S.K.: 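Here it is: the structure, laid out below.
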Amino acid sequence: ATLCSANEKARRTPLSALHPVGLSATLCSANEKARPTPLPLPVHMARDIPEKPSLEGLEAKWDARWEQDGTYRFDRSKTRDQIFAIDTPPPTVSGSLHMGSVFGYVQTDAHARYRRMSGKEVFYPMGWDDNGLPTERRVQNYYGVRCDPNIAYDPDFTPPETAYDPPVQVSRRNFIDLCHVLTAEDEKVFEDLWRAIGLSVDWSLTYATIDHHSRRISQKAFLRNLARGEAYSAEAPVLWDVDFQTAVAQAELEDREKAGAYYKIAFRKADGEPVYIDTTRPELICSCVALVAHPDDERYQGLIGEKVTSPLFGVELPVVAHDLADPEKGTGIAMICTFGDTTDVTWWRELDLPTRAVIQHDGRFHEETPEWLSGEGADTYSELAGLFPNQARRKMAEMLEEAGALDGEPREITHPVKFYEKGDRPLEIVTSRQWYIRNGARDDELRNDLLARGEELHWVPEHMGVRYKHWVDGLNSDWLISRQRFFGVPIPLWYRLDSSGEPDYENPLAPDEADLPIDPSSHVPAGYEESQRGKPGGFVGDPDIMDTWATSSLTPQIAGHWDDDPDLWARVFPMDIRPQGPDIIRTWLFSTTVRSHFEHGRLPWDTATINGWILDPDRKKMSKSIGNVVTPMPFVEEYGAEAVRYWACKGRPGADTAIDFGIMKIGRRLAIKILNAARFALGFTDSDVDPAAINEDIDKSMLAGLSATVEEATKAFEEYDYTRALEAAESSFWGWTDDYVELVKARAYGEGAQAASAHAALQLALGVYLRLFAPFLPYTTEEVWSWWKEGSIHRMPWPDETQLATHTGEPAVLSKTSEVLAAVRRTKSDASVSMRAEVERVSVTGDSSDIDLIRAAEADLKAAARAASIEYAEGEFGVVAVLTAQ
RNA sequence: GGGCGCUUAGCUCAGUUGGCUAGAGCACUGCCCUUACAAGGCAGGGGUCGGCGGUUCGAGUCCGUCAGCGCCCACCA
């Protein structure tokens, strides 16, 4: 009754308790004591095979050994056609570890291991993405500091032990130092996990997106984009996060459903007649520049071209017509503000309307009264000055109510509001100067070229390509790459200041490529002195940094050393695969395609392998906001790396997969089974047996089946379907242990040519199975290999079914004999007797070909069934076993 | 509003050009300490393939339609 009860409990433990402590209740501890000591094999055990093989400690042992031996070290003497290059996703190191951090990476690793065994030299680097806002935010929270660019550098600064509230203000340079300290720690945590789960990356190739080399490539690529006209700066309305106080790009937006309300507000015609509009943002009436209706809307046709006056502010406004005005929405006529939403931007641009901005970069309403307001309007505005939009909205609603300009009660609604994906408050739209890289949003020819690149790319699974197409089709603005932040790759430009101190943005000063990377805030453009910084007639550095994707879109160039190692670059580019998650097709995959298209005129890789989502055990998507993120290390420690890898590889390409402890347990069981089966197969001789000794029909039959398995697994891997490759090996292997091994066991314990045939067949098959499993279970297979062979299994050739061909025979001998054995087992099971129970007689009826197959394995069958005799008769296939009376 | 994916046993999932009686593992039930493995083995029960309609000699598979779930995109008035 106590069997596995501890295990059962662990399985039912709620997620919230799944911490190292919660899991540490030893699995199956009750069983530990009751287990009898294993009997030693009766034959010579000259090989170093443990009596009780175990998975414990294999990860640490082999990770150290692989590192020492350079097992996965990239051999750059190989040529492009001999190399398989992987554009590994650099994880955001400031992000938390979760099961997704192992899922996709293990799947890619399994494929990498297959390619390495099948003869390719695998270029498999790891990178760390430590740029950008996530790191900044993490540093702020971790150390309790805020960056203030106006503070001087303090060389003796040490971060506070605990985070203070309010935060400590530090200089930009001190802040960046802290970023480096923290990312180094974060990288270590990720590396420990990757090593624990056995990723076969070459750690000597590791890069970080903030390191010297990456900054150099990032700036070089940008300057080349600039020189070719693919990058440009413009003063324009941008989506703006008021907390981070930076512009954000279209790709970083997400909609969130927020509660809001429609306010029905009266504007007045010259004759005093009201014109009602519906708005969710009444606080922006002061920035209204026009009302807009659809040109075909009969209700408002007479109003087009007329003037109306805004309530409380008394501003006279034109009524204009535009197709985007939706007669079905609200009252059918809307106010255009600068800017309440992206439609406003479109109207403003296309209808050439004035700009009346009231929201500042910090999200508050300007303190000063705008120039277009006067008299009562100015008084009204003074009530809003300095407020945040949500505060201003409440104030405005009160004032409208009092003024009788509000028609009825506000109608509460829920509507989608645009947020920066990492932000906490709705985005505002402000006008500012930013850098962009063209992406086809405003250029049909480029858009079509990029769509064609998407068609060219081999997508796994295929339907993921649709997401790329939709994204490119739906682009409505160029790629905004500048960010008003501190930690990242600086935009490598300066601007001349004219005699009045105004920057000349149209003709930026660029550094020489040879001087990269540079920081324009501390380096000086050619022909200038530091003393001229900020002075009229002098220069000023661009204060911004680049978006994290502006650098990570260059991972092939960074990892392949595009700029400083043309020999390596020629060997690895274009790369073979880009493995990544589906959520970053619109960002990482697309931006990498754009950069490669511009710089190299081609795709950066042949194939994109897109993994699925990780769902929690209740099949909900894991996210930090729900609080169901599961960290992987406890699973690795408790179930073992092989178990976690097995689970990850059971998730099919692109398929969403739930965390499933049951599947991890099966993986662990498989690994243990392999150890034990290997112990049996290798236990008969202390030297290899020549495969030429294989002459028994059933041995040859087994090898024929194995050959088919190899073929199937290979085909699956070639189609990037690691799951099918695993399942092929797995189902074949269980059949092998359950039937073939049982059938030949007695013969194997004997002597002479017949025993030698079994020994040779067992060894040959084991060698094949180990290699079929090596991509999935690298530790177990390496362990067994080390009992037996020299060198790492992970550098051994992938099994080739044609090499088995000389030893194969009729596959049906084994399958038919197994059917008979199963029938005998059923008889024993029905009789509730041991499988060792003696059988007086087995009667087999079948057609002559069936009988011939079984006769070919009769001796093994009799031994395995413990049958005294086997009789045959012609007829429909059937088996009757008569148990010996006790 | 548009798009993509999913729906097969209690659970997690296979089922590749339509073809014998729909499979696996887990879970469940029974039996078995068997000289690789009791952290194991052997055997068994369990499904009208989300609903409806159509094509076909034949549909889990193809077509249409509806429903539910998940994800992505969309101009927030």
Side-chain angles (χ1 to χ4, degrees), chain A residues 3-4 7 27-28 31-32 34-36 38-43 49 52-55 255 258 260 262 277-281 284 291-292 324-326 329-337 340-347 413 415-418 426-427 461 463-464 466-467 469-471 473-474 476 582-583 585-586 612-613 615 617 619-621 650-652 654-658 660 662-663 665-666 668-669 672-683 719 721 723-724 727 730-731 734 737-738 741-742 745-746 749 822 824-837 866:
Chain A
L3 198 68
C4 278
N7 209 354
L27 305 181
C28 287
N31 247 349
E32 209 67 43
R35 178 159 37 84
L39 292 163
L41 282 173
V43 284
I49 302 176
K52 184 63 191 173
S54 159
L55 296 175
D255 284 351
K258 287 287 166 185
Y262 272 127
I277 59 114
D278 265 329
T279 181
T280 56
R281 303 201 62 179
L284 291 178
L291 298 192
V292 64
L324 281 181
D326 182 354
K329 255 185 186 166
T331 61
I333 187 165
M335 67 170 178
I336 303 174
C337 306
D341 62 36
T342 54
T343 319
D344 283 342
V345 178
T346 306
W347 282 325
I413 55 158
H415 62 155
V417 179
K418 284 204 191 310
L427 292 170
H463 71 257
M464 291 292 181
V466 177
R467 299 194 184 198
K469 182 183 183 320
H470 285 170
W471 176 251
D473 277 338
N476 54 34
D583 51 330
I585 289 172
R586 65 179 184 170
W613 283 112
L615 310 173
R619 300 203 62 75
K620 290 201 186 69
K621 183 181 163 183
K650 286 293 252 189
R652 307 189 105 75
D656 295 350
T657 303
D660 191 328
I663 291 177
K665 278 164 58 185
I666 297 163
R668 188 177 170 82
R669 201 174 66 124
I672 292 168
K673 189 77 172 180
I674 290 170
L675 292 175
N676 284 310
R679 183 169 173 271
F680 172 77
L682 297 175
E719 293 167 3
D721 195 340
T723 311
R724 249 175 56 221
E727 286 175 349
E730 195 184 6
S731 64
W734 284 108
T737 60
D738 292 345
V741 168
E742 292 302 323
K745 193 174 275 181
Y749 276 108
V824 175
R825 286 167 170 168
R826 197 174 302 120
T827 302
K828 293 179 181 180
S829 187
D830 290 346
S832 296
V833 298
S834 164
M835 289 299 143
R836 288 199 311 173
R866 293 185 172 256

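By convention in this document, chain letters (A, B, ...) are assigned in the order of the sequence lines, proteins followed by strands, and residues within each chain are numbered from 1. Fair warning: this is a prediction, and the values are worked out from it, not measured in the lab.
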S.K.: When you compare B/C37 with B/G18, how far apart are their C1' atoms, in angstrom units rounded to a whole number?
M.R.: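 One C1' to the other, the span is 43 Å.
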S.K.: Of all the nucleotides listed (B/C13, B/C76, B/C31), which has the minimum atom distance to the side chain of A/Lys329?
M.R.: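 Ranking B/C13, B/C76, B/C31 by closest atom to the A/Lys329 side chain puts B/C76 first.
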S.K.: Can you tell me the pairing partner of B/A27 across any strand shown, Watson-Crick or G-U wobble, with both distances under 3.5 angstrom?
M.R.: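 Paired with B/A27, as far as the under-3.5 Å criterion goes, is no nucleotide at all.
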S.K.: Are OP1 or OP2 of B/G41 and a side-chain N or O of A/Lys673 less than 4.0 angstrom apart?
M.R.: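 Yes, A/Lys673 has a side-chain N/O under 4.0 Å of OP1/OP2 on B/G41.
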S.K.: Considering every strand and a 4.0 Å limit on heavy-atom distances, what is the contact class for A/Ala325: base, sugar-phosphate, or nothing?
M.R.: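 Touches a base.
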S.K.: Categorize A/Asp583 for me: base, sugar-phosphate, or nothing, with a 4.0 angstrom heavy-atom threshold over every strand shown.
M.R.: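 It contacts nothing in the nucleic acid.
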S.K.: Toward the 5' end of RNA chain B, which comes first, A/Arg724 or A/Ile672, by nearest nucleotide?
M.R.: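 Mapping each residue to its closest nucleotide by heavy atoms, the 5'-most match is A/Arg724.
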S.K.: Please tell me which of the listed nucleotides, B/G3, B/A77, B/C71, lies nearest to the side chain of A/His415?
M.R.: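 Among B/G3, B/A77, B/C71, the one nearest the side chain of A/His415 is B/A77.
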S.K.: Could you measure the distance from the CG atom of A/Leu615 to the CG atom of A/Asp660? Nearest 0.5 Å is fine.
M.R.: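 Those atoms lie 11.5 Å apart.
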S.K.: Roughly, in whole Å, what's the span from CD in A/Glu742 to C1' in B/A43?
M.R.: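 Interatomic distance, CD of A/Glu742 to C1' of B/A43: 15 Å.
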S.K.: Could you pull out the closest heavy-atom pair between A/Asp278 and A/Thr331, with the gap in Å?
M.R.: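 So the two residues come closest at OD2-N, 3.6 Å.
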S.K.: Do A/Lys258 and A/Thr280 have side chains that get closer than 4.5 Å, going by heavy atoms?
M.R.: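 No; the side chains remain at least 4.5 Å from each other.
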S.K.: Measure from the side-chain heavy atoms of A/Arg586 and tell me the nearest of B/C42, B/C71, B/C73.
M.R.: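 From the listed options, B/C73 comes nearest.
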S.K.: Among the candidates B/C75, B/U16, B/G41, find the nucleotide nearest to the side-chain atoms of A/Asp738.
M.R.: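 Among B/C75, B/U16, B/G41, the one nearest the side chain of A/Asp738 is B/G41.
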S.K.: With a non-hydrogen cut-off below 4.0 angstrom, is A/Glu730 in contact with a base, only sugar-phosphate, or nothing?
M.R.: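 Answer is nothing: A/Glu730 stays at 4.0 Å or more from every strand.
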S.K.: Nearest-nucleotide wise, let me know which of A/Trp734 and A/Asn676 is further upstream toward the 5' end of RNA chain B.
M.R.: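 Closer to the 5' end of RNA chain B: A/Asn676.
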S.K.: Given B/C73, B/C42, B/A77, identify the nucleotide with an atom nearest to the side chain of A/Ile413.
M.R.: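 Side chain of A/Ile413 sits closest to B/A77.
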S.K.: Which part of the nucleic acid does A/Thr346 contact within heavy-atom distance under 4.0 Å: base, sugar-phosphate only, or nothing?
M.R.: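 Since no nucleic acid heavy atom lies under 4.0 Å of A/Thr346, the category is nothing.
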S.K.: So does A/Ser829 reach the base of B/G30 with its side chain, donor to acceptor, closer than 3.5 Å?
M.R.: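 Donor-acceptor pair under 3.5 Å: yes.
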S.K.: Could you pull out the closest heavy-atom pair between A/Thr657 and A/Gly651, with the gap in Å?
M.R.: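 That would be OG1-CA, 3.5 Å.
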S.K.: Looking only at atom P, what distance separates B/G1 and B/C57, rounded to whole Å?
M.R.: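 Straight-line distance between the two P atoms is 40 Å.
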S.K.: What are the two closest non-hydrogen atoms of A/Pro582 and A/Trp613, and how far apart are they?
M.R.: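 Heavy atoms only, the tightest pair is CG-NE1, 4.1 Å.
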S.K.: Report the base-pairing partner of B/G47 (Watson-Crick or G-U wobble, both distances below 3.5 angstrom), or none.
M.R.: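 Checking every strand shown, B/G47 finds no partner, since no pair has both distances under 3.5 Å.
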S.K.: Looking at the side chain of A/Thr279, which of B/A77, B/C71, B/A43 is the nearest nucleotide?
M.R.: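 Taking heavy atoms from C-beta onward, the closest nucleotide is B/A77.
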S.K.: At under 4.0 Å between heavy atoms, what does A/Thr737 touch on the DNA or RNA strands: base, sugar-phosphate, or nothing?
M.R.: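 It contacts base atoms.
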S.K.: Go through B/G44, B/C75, B/A14 for me and flag the one nearest to the A/Arg826 side chain.
M.R.: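 Closest nucleotide among those given: B/G44.
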S.K.: Looking at B/C37, B/G3, B/C31, which one has an atom nearest to any side-chain atom of A/His470?
M.R.: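 For the A/His470 side chain, the nearest candidate turns out to be B/G3.
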S.K.: For A/Tyr262, is the NZ or CZ atom of A/Lys329 found under 6.0 angstrom from the centre of its six-membered ring and inside 45 degrees of the ring axis?
M.R.: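 No; the conditions do not both hold, so A/Lys329 does not lie above the ring face of A/Tyr262.
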S.K.: Going by salt bridge (Lys or Arg N to Asp or Glu O under 4.0 Å), name the residues that satisfy it together with A/Lys418, two or more places apart in sequence or in a different chain.
M.R.: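 If we apply the salt bridge (Lys or Arg N to Asp or Glu O under 4.0 Å) test to A/Lys418, skipping adjacent residues, the hits are A/Asp255.
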S.K.: Considering only the P atoms, how many Å lie between B/C49 and B/G5, rounded to the nearest integer?
M.R.: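 It works out to 23 Å between them.
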S.K.: Expressed in whole Å, how much space separates the C1' atoms belonging to B/C11 and B/A27?
M.R.: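 So the two C1' atoms sit 7 Å from each other.
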S.K.: Measure the spacing between CZ of A/Arg866 and CE of A/Met835 and express it to the nearest 0.5 Å.
M.R.: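 It comes to 12.0 Å.
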S.K.: Watson-Crick or G-U wobble partner for B/A39, using a 3.5 Å limit on both distances?
M.R.: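 For B/A39, the partner nucleotide comes out as none, under the 3.5 Å rule.
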S.K.: If only side-chain N and O atoms of A/Lys469 are considered, is one of them under 4.0 Å from the OP1 or OP2 phosphate oxygen of B/C4?
M.R.: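 No, outside the criterion.
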S.K.: When all nucleic acid strands are considered with a 4.0 Å heavy-atom cut-off, which category describes A/Ile666: base, sugar-phosphate, or nothing?
M.R.: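 Touches sugar-phosphate only.
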S.K.: What integer distance in Å separates A/Glu727:CD from B/U16:P?
M.R.: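 It works out to 13 Å between those atoms.
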S.K.: Under a 3.5 Å limit for both distances, which nucleotide forms a Watson-Crick or G-U wobble pair with B/A14, could you say?
M.R.: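 Pairing partner, where one exists within any strand: none, as none qualifies.
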S.K.: If you measure from the C1' atom in B/A9 to the same atom in B/G2, how many Å do you get, rounded?
M.R.: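 My reading of the C1' atoms in B/A9 and B/G2 gives 36 Å.
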S.K.: Could you tell me whether A/Lys828 contacts a base, only the sugar-phosphate backbone, or nothing, with contacts defined as non-hydrogen atoms closer than 4.0 Å?
M.R.: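 No contact at all - A/Lys828 keeps every heavy atom at 4.0 Å or more from the nucleic acid.
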S.K.: Tell me what A/Arg281 touches on the nucleic acid: a base, only sugar-phosphate, or nothing, going by heavy atoms under 4.0 Å.
M.R.: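 Nothing: the residue A/Arg281, judged by heavy atoms under 4.0 Å, touches no strand.
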S.K.: What is the distance, rounded to the nearest whole Å, between atom CG of A/Asp660 and atom P of B/G25?
M.R.: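 So the CG-P distance, A/Asp660 to B/G25, works out to 15 Å.
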S.K.: Using a cut-off of 4.0 Å on non-hydrogen atoms, how would the nucleic acid contact of A/Asp344 be classed: base, sugar-phosphate, or nothing?
M.R.: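 No contact.
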S.K.: May I have the distance from A/Ile663 (atom CD1) to B/U12 (atom P), rounded to whole angstrom?
M.R.: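 Result: 10 Å.
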S.K.: May I have the distance from A/Arg669 (atom CZ) to B/A38 (atom C1'), rounded to whole angstrom?
M.R.: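 My rounded result for the distance is 12 Å.
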S.K.: In whole Å, measure the gap between the C1' atoms of B/U16 and B/G53 for me.
M.R.: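 Between the two C1' atoms, the distance is 28 Å.
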S.K.: Looking at the side chain of A/Asp326, which of B/C37, B/C75, B/A77 is the nearest nucleotide?
M.R.: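 Of the candidates, B/A77 comes closest.
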S.K.: Using atom CG of A/Leu615 as one end and atom C1' of B/C6 as the other, report the distance to the nearest whole Å.
M.R.: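 It is 11 Å, rounded to the nearest whole Å.
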S.K.: Paired with B/U7 by Watson-Crick or G-U wobble geometry, both distances under 3.5 Å: which nucleotide is it?
M.R.: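 Its partner is B/A67.
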S.K.: Both distances below 3.5 Å, Watson-Crick or wobble geometry, any strand: find the nucleotide opposite B/C20.
M.R.: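 Per the H-bond distance test, none.
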S.K.: Roughly how far apart, to the nearest Å, are B/U34 and B/U29 at atom C1'?
M.R.: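 Nearest-Å result for B/U34 against B/U29 at atom C1': 22 Å.
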S.K.: Between B/A43, B/A74, B/G70, which nucleotide has the shortest distance from any of its atoms to the side chain of A/Asp255?
M.R.: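 My answer, after comparing the listed nucleotides, is B/A74.
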S.K.: Checking salt bridge (charged side-chain N to carboxylate O under 4.0 Å, His left out) for the pair A/Glu730/A/Lys650: CA distance, chi angles, key distance, verdict?
M.R.: CA-CA 11 Å; A/Glu730 195 184 6; A/Lys650 286 293 252 189; 3.2 Å; yes
S.K.: Please measure how far the C1' atom in B/A39 lies from the corresponding atom in B/G44, and state the result in whole Å.
M.R.: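 After rounding to an integer number of Å, I get 24 Å for this pair.
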S.K.: Which whole-number value in Å describes the distance from A/Ile49 CD1 to B/C37 P?
M.R.: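 A/Ile49 atom CD1 is separated from B/C37 atom P by 13 Å.
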S.K.: Can you tell me how far P of B/G5 sits from CZ of A/Arg652, to the nearest Å?
M.R.: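 It works out to 17 Å between those atoms.
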